[in-house]
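So you know, we letter chains A, B, ... as the sequences are listed, proteins then strands, and number each from 1.
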Amino acid sequence: MRFLRKSYVFLIFLFLYAPIIILIIYSFNASKSRGHWTGFTLQWYRELFKDSQIMTSLYYTVTIALLASLIATIVGTAASIGIFNMKKIKREIMLNINYIPVLNPDIVTGISLMLLFSSIKIPLGFTSLLLAHITFNIPYVVLSVMPKLKQMNKHLYEAALDLGATPFYAFKKVILPEIMPGVITGFLLALTLSFDDFVISFFTTGNGVSNLSITVESMARRGISPKLNALSTIMFVSVLLLLIIVNIRTSKDDTERRPKNEKTYQGNVFVSPTSHDI
Amino acid sequence: MKQYRWLAYPYAVWMMIFIVVPLLLVLFFSVTAKTPDGSMVLTLENFKKFWEPMYISVLIRSVLLAVYSTVICLVLGYPLALILAGKDFKRKNVLVMLAVIPMWMNFLLRTYSWMTLLEKNGTINAFFGTLERLAATYLNMELTLPRVNILYTESAVILGMVYNFLPFMILPIYSVVSKLDRSLIEAAQDLGGNNLVVFKRVIFPLSLPGVLSGITMVFMPAVTTFVISRLLGGAQFMLIGNLIERQFLFSGDWGFGSALSIILLLLILLSMGFMSRYEQENGGGGLW
C-alpha cells in the first residue's frame with residue numbers, strides 16, 4: 001500500500017513537472033526540432049537576449065509590475081485603515097465592492113476596463129495598462145492588510161496617545177509595525193499577479209505596449225520557438241530561487257517568533273496563490 | 001482611530017471609477033444598440049442573438065469541458081491530497097511546495113510546453129519513435145506504437161485545463177484534511193469501522209469543504225478561459241471566452257460581447273450560489 005501511495009505521488013509529480021523539464025532540456029538543444037537531440041548549445045539564450053520584442057516586453061512587465069504594486073500597496077493600505085474604522089454598513093459596502101475584481105472573471109474585468117478607457121478617451125497603452133493593473137492589485141492588498149488590522153490590539157494605539165504621542169507618531173510607531181506583515185504580503189501578491197497577468201492586460205493595452213505574457217502568447221500561436229524554451233527555463237529557475245529564498249526567510253522568522261510546536265503553514269505567502277492569473 | 005476614516009476615500013473614488021462604472025458600462029452596452037442615425041436605443045436584441053443554436057452550443061461546450069476537467073482534477077487530486085496529508089512522507093511541506101511551484105511559472109509558458117509535447121513531431125511521438133527503433137535494433141522486434149495526435153482537439157484543451165488547474169484542487173483539500181482531528185479517525189477505528197467505513201463516514205464528509213472550494217477554484221477559471229482553448233484548441237476552437245474576445249477584438253460587436261459577458265457573469269454567480277447552498281446544507285452536520 002505504502003509503495004502504491006508513493007508511486008501515485010510520483011506519477012502526479014511527473015505529470016506536473018515533465019513538460020517543464022522537457023522544455024528546459026530542449027532549450028539547450030542545437031536542433032530546432034523537438035524530436036532529436038543534436039548537441040548542446042547556448043544559441044537560443046543568446047538569441048533570446050537579442051530579441052528586441054521580448055526584451056521590450058520584459059521592460060514593460062517589470063516597470064508596470066513595480067509601479068502598479070507600489071501604488072496599489074500605498075492606496076490599499078491607507079484604504080484598509082480607513083475601511084477598518086468605518087461604520088459597519090459603509091464598511092460592508094466597501095469590502096463587497098473591493099471583492100468584485102477578485103470574484104469577477106478576468107475576461108469580464110478586462111473588457112469592462114477596456115470599455116471604460118474607450119468611453120473616457122484614454123488611449124490604450126502604457127497608462128491604461130498601469131491603471132488596470134493598479135485596479136486589480138488593490139483588492140488583494142486590502143484583503144491581506146485587513147486581517148492584520150483585526151488582529152491588532154486597539155488599545156495599543158490609545159495607550160500611545162495617552163502616553164503623549166501625536167496621532168501621526170502613534171500611527172508610525174504602533175499601527176504600521178503591527179500591520180507590516182500584511183502590507184508586505186499584499187505587495188508581493190500584487191507584484192506576482194501583475195507580473196503574470198495576461199487576460200486583463202490583453203484587453204487594456206495597445207499601441208505596441210505589450211507585457212511578457214502577451215508576447216509569449218503571440219509567439220506561441222505562431223508555433224514552437226526555441227527562444228521560448230530558453231525564456232521558460234530562465235523564468236522557472238528564477239521562480240524556484242525566489243521561492244527558496246522566501247521560504248528560508250519565512251521559516252527563520254517563524255522559528256524566531258513562535259514556539260516550535262506552534263509552527264504553522266500560514267505565514268508563508270507563496271503557498272497560496274490565487275486563481276487570478278488564469 | 002476614527003480620524004483615519006478619510007484614508008479610505010481615495011480608494012472609494014477609485015472603486016467608483018474603475019470597478020463600478022466599468023461594470024455598469026458592460027450592462028449598458030448589453031442592453032442598447034446604435035440606430036443608423038447614431039442614437040442609442042434600449043433593446044434586448046443582443047441577448048436574443050445568443051439564442052441561436054451556434055452560440056448555445058458554444059456555451060454548452062464551455063460548461064461541459066469545464067465540468068470534465070473539474071471531475072478529472074478531483075479524481076486525480078483528491079487521493080494525492082489525502083496521501084500528502086497522511087503520514088507517509090516526512091517532509092510534507094516540501095512536497096506541497098512542489099505541487100504548487102509549477103503554478104508560479106507563467107501560465108502561458110506552461111500551456112506552451114504542452115504544445116511542444118503534443119505536436120505531431122513533438123516530444124511524445126519522438127519518444128515512441130525512438131522506442132520503436134530501439135526495439136527493432138536490439139530485440140529484432142517489429143514494434144508499432146500509436147501516435148499521439150490530439151493537439152488542436154478538445155482532448156488537448158481538457159488536458160491543458162487539468163494541467164493548469166490541478167494544484168487548485170489539491171491545495172484546498174490538503175489544507176482541510178491535514179487539519180482534520182486525528183482522534184475522530186481513531187475513534188471511528190476503535191468503534192470497529194474498517195478503512196472503507198472510516199473513509200466514507202468520517203474522512204470524506206469532513207473533507208467536503210475542501211472539495212467544494214477545490215471544485216469552485218477549478219471550475220471558475222476553466223469555464224472562463226480563452227487562452228488555453230486558443231493555444232491548445234487552435235484558432236477555430238470556440239469557448240465562451242473566445243466568443244467574447246472575438247466580439248471585442250475582431251467583429252467590433254460590443255453589444256453582443258457585453259451581453260455574453262453578462263451571461264458568463266450570471267453563470268458564475270449561479271454556480272457560486274449553488275456551491276454555497278450546498279456548503280450550508282452540509283456544513284457542520286456532515287459528521288452525523
For this session: Verify, without hydrogens or angle tests, whether S118(A) (side chain) and L115(A) (backbone) share a donor-acceptor contact under 3.5 angstrom.
Result: yes
Seminar exercise, completed: If one checks every heavy atom of L249(B) against chain A at 4.5 Å, the contacting part turns out to be side chain
For this session: Kindly indicate whether the side chain of T205(A), heavy atoms from C-beta on, has any atom under 4.5 Å from the side chain of L124(A).
Result: no
Exercise. So which part of I124(B) gets closer than 4.5 Å to some heavy atom of chain A, the side chain, the backbone, both or neither?
Worked result: neither
For this session: Side chain from CB out, backbone as N, CA, C, O: work out which of these in M16(B) comes under 4.5 Å of a heavy atom of chain A, or both, or neither.
Result: neither
Problem set entry | Residue, of I100(A), I83(A), N85(A), that accumulates the most heavy atom pairs under 4.5 Å with chain B | N85(A)
For this session: Give, as side chain, backbone, both or neither, the part of P79(B) having an atom under 4.5 angstrom from any heavy atom of chain A.
Result: both
Exercise. In terms of heavy-atom pairs under 4.5 Å with chain B, which of F195(A), F15(A), F84(A), F236(A) leads?
Worked result: F15(A)
Problem set entry | Under 4.5 Å from any heavy atom of chain A - which part of L23(B) | both
For this session: State whether a side-chain donor-acceptor pair under 3.5 Å links N164(B) with T111(B).
Result: yes
Seminar exercise, completed: If one checks every heavy atom of I268(B) against chain A at 4.5 Å, the contacting part turns out to be side chain
For this session: Classify the side-chain pair S30(B)/S258(B) by whether it contains a donor and acceptor separated by less than 3.5 Å.
Result: no
Seminar exercise, completed: Whatever's closer than 4.5 Å to a heavy atom in chain A on A235(B) counts as neither
For this session: Identify which of I97(A), I81(A), L103(A) forms the greatest number of heavy-atom pairs closer than 4.5 Å to chain B.
Result: I97(A)
Problem set entry | Greatest number of heavy atom pairs closer than 4.5 Å to chain B - which of I175(A), N98(A), N104(A), I120(A) | N98(A)
Problem set entry | Spatial distance of atom OG (S62(B)) from atom CG (L65(B)) [nearest 0.5 Å] | 7.0 Å
For this session: Report the option among L231(A), L113(A), I93(A), V75(A) that has the most heavy-atom pairs separated by less than 4.5 Å from atoms of chain B.
Result: L113(A)
Exercise. Are R246(B) and F250(B) in a cation-pi setup, meaning NZ or CZ lies under 6.0 angstrom from the ring centre and within 45 degrees of the ring axis?
Worked result: yes
Problem set entry | Contact class of P102(B) relative to chain A, heavy atoms under 4.5 angstrom | both
Exercise. Between L118(B) and L159(B), does a side-chain contact (heavy atoms from CB on, under 4.5 Å) hold up when you go through it step by step?
Worked result: CA-CA 10 Å; L118(B) 296 175; L159(B) 186 69; 3.9 Å; yes
Seminar exercise, completed: Okay, F226(B) and chain A: the region with an atom under 4.5 Å from a heavy atom over there is side chain
Exercise. Does K154(A) come within less than 4.0 Å of E178(A), counting only side-chain N to carboxylate O?
Worked result: no
Exercise. Do the rings of Y4(B) and F171(A) sit parallel, tilted or perpendicular, given the 30° and 60° boundaries?
Worked result: tilted
Exercise. Does the side chain of T215(A) come under 3.5 Å of the side chain of S210(A) through a donor N or O and an acceptor N or O?
Worked result: yes
Seminar exercise, completed: Ranking L131(A), V216(A), I134(A), T77(A) by heavy-atom pairs under 4.5 Å to chain B gives rank one to L131(A)
Seminar exercise, completed: Interface check, chain A: of L269(B), L260(B), L265(B), most non-hydrogen pairs under 4.5 Å belong to L265(B)
Exercise. Is chain B contacted by the side chain of M219(A), its backbone, both, or neither, given a heavy-atom distance below 4.5 Å?
Worked result: neither
Exercise. Which bit of L231(B) comes within less than 4.5 Å of chain A, counting heavy atoms only: side chain, backbone, both or neither?
Worked result: side chain
Problem set entry | Pair T135(A), W14(B): side-chain N/O donor-acceptor within cut-off below 3.5 Å | yes
Exercise. By a 4.5 Å heavy-atom criterion (distance strictly below it), what part of V223(B) contacts chain A: side chain, backbone, both, or neither?
Worked result: neither
For this session: Can you tell which part of L98(B) gets under 4.5 Å to a heavy atom of chain A, answering side chain, backbone, both or neither?
Result: both
For this session: Start with the C-alpha distance between R230(B) and F237(B), add both sets of side-chain angles, then the distance that settles side-chain contact (heavy atoms from CB on, under 4.5 Å), and finish with yes or no.
Result: CA-CA 7 Å; R230(B) 199 146 88 142; F237(B) 199 90; over 6 Å; no
Exercise. Just by distance, with hydrogens left out, do S201(A) and N211(A) show a side-chain donor and acceptor under 3.5 Å apart?
Worked result: yes
Exercise. Considering only heavy atoms, which portion of S232(A) lies under 4.5 Å from any heavy atom of chain B: side chain, backbone, both, or neither?
Worked result: both
